Participant: 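Would you mind keeping the following structure in view while I ask a few things?
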Amino acid sequence: MRVPARARDDRRGAAVRGRDALIVEYVRHLKSGDDEAKRGAAAALMRLADYDNYGIAAAVIRAGGVAPLVALLEDDDAAEKWHLIYTLRFIATERAGAAAVVAAGGVPRLVKLSQTLCTYGSAYAHTMWTLQHLADGDDAHWVAIAAAVSVEALAELARDGRVRVGHLRRDALWNAGAAIRRRAARALRSLFRACLGRAARAEVERAVVGFLLHSG
């Protein structure tokens, strides 16, 4: 027997409400549970995201779960990190989710992981995907990622439109547009100007402009 569309919608709505209630409970454990409860909640969120990631980012954001997930990236147990990063990867696929991860301080933590995790592990691959999703979410995120890597990476972004992250040469964010490169140049200029006296600022300005003019 064919189920009427309204009945299907009602069932779907009930399923989503049930899932969102679970997310609220898992986030409660992330915020106030012991270490074992936090890891269990993070693993449960990963399973939800893997099974049905529609609206997962919005539900986790509403529940206040992004910040505690990001905070758990500081856990010393690298074997436990992959499910955290996997969940953050799904959250970062949505623009609001990417913004929430960045606001929670996710960029420097993920960059650090990209430089320390074993390249053959799942956690490393998901870290690189998450950084790519963050970059796709907003032009400013490119600059935040580059700045978290190094001053040299910020200069590379301004000059060549790419940011090298991770252990491997191929692990880079590529093809940044002119607007992103300009953002990187302004960030680079501000960084150096903050370290110099007023008399040197004109020299810094000319140096950055010349750098960009000769970057092709």
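Owing to the predicted nature of the structure, the values given are computational and were not obtained by experimental measurement. Residue numbers run from 1 in the order of the sequence given.
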Participant: What residue pairs, at least two apart or across chains, pass side chain to side chain donor-acceptor pair (under 3.5 Å) with a residue in residues 102-118?
Facilitator: E74-R109
Participant: Distance from L69 atom CG to K31 atom NZ, nearest 0.5 Å?
Facilitator: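 That separation rounds to 10.5 Å.
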Participant: Which residues satisfy the side chain to side chain donor-acceptor pair (under 3.5 Å) test with E36, sequence neighbours excluded?
Facilitator: none
Participant: Report the residues that fulfil side chain to side chain contact (heavy atoms under 4.5 Å, CB included) with A37, sequence neighbours left out, ordered by chain and then residue number.
Facilitator: H29, D34
Participant: Mind checking salt bridge (charged side-chain N to carboxylate O under 4.0 Å, His left out) for D35 and listing every partner two or more places apart, or none if nothing turns up?
Facilitator: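 Here no residue qualifies.
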Participant: CG of L131 to CG of D136: how many Å apart, nearest 0.5 Å?
Facilitator: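 So the CG of L131 and the CG of D136 are separated by 11.0 Å.
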Participant: Quick one: side chain to side chain contact (heavy atoms under 4.5 Å, CB included) partners of A187, sequence neighbours excluded?
Facilitator: V143, L154
Participant: Within the 4.5 Å heavy-atom criterion, are V107 and H141 side-chain neighbours or not?
Facilitator: no
Participant: Which pair of heavy atoms, one from L72 and one from A42, lies closest together, and at what distance?
Facilitator: CD1-CB, 4.5 Å
Participant: Please report the shortest heavy-atom distance between A49 and I56, naming the atom on each side.
Facilitator: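 Smallest heavy-atom distance, with atoms named: CA-CG1, 4.0 Å.
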Participant: I'd like to know if the side chain of W142 reaches the main chain of A135, judged simply by a donor and an acceptor atom lying under 3.5 Å from each other, with no hydrogens or angles considered.
Facilitator: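 Here the side-chain-to-backbone pair exists.
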Participant: Looking at residues at least two apart in the chain, or sitting in another chain, which of them share a side chain to side chain contact (heavy atoms under 4.5 Å, CB included) with A178?
Facilitator: R182
Participant: List in chain and number order the residues that pass side chain to side chain donor-acceptor pair (under 3.5 Å) with S122, two or more places apart in sequence or in another chain; answer none if no residue qualifies.
Facilitator: none
Participant: List for me each residue that meets ring-ring contact (aromatic ring centres under 6.0 Å, His included) alongside H126, sequence neighbours excluded, and say none if there are none.
Facilitator: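 With neighbours one apart ignored, the set is Y86.
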Participant: Please list, one pair per line, the donor and acceptor atoms closer than 3.5 Å that link side chains of residues 58-68 to other protein atoms, with sequence neighbours excluded.
Facilitator:
| residue | atom | partner | partner atom | Å |
| --- | --- | --- | --- | --- |
| R62 | NH2 | D20 | OD2 | 3.1 |

Participant: For A125, enumerate each residue passing the side chain to side chain contact (heavy atoms under 4.5 Å, CB included) test, keeping only those at least two apart in sequence or located in another chain.
Facilitator: none
Participant: Keeping the roles fixed (side chain from R181, backbone from R159), state whether a donor-acceptor pair exists under 3.5 Å.
Facilitator: yes
Participant: What's the spacing between H83 NE2 and L88 CG if we round to 0.5 Å?
Facilitator: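 H83 NE2 to L88 CG: 10.5 Å, rounded to 0.5 Å.
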Participant: Checking R95 side chain against G137 main chain: does a donor-acceptor pair fall under 3.5 Å?
Facilitator: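 It does hold such a pair.
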Participant: State which residues pass side chain to side chain donor-acceptor pair (under 3.5 Å) with D139; sequence neighbours excluded, sorted by chain then number.
Facilitator: none
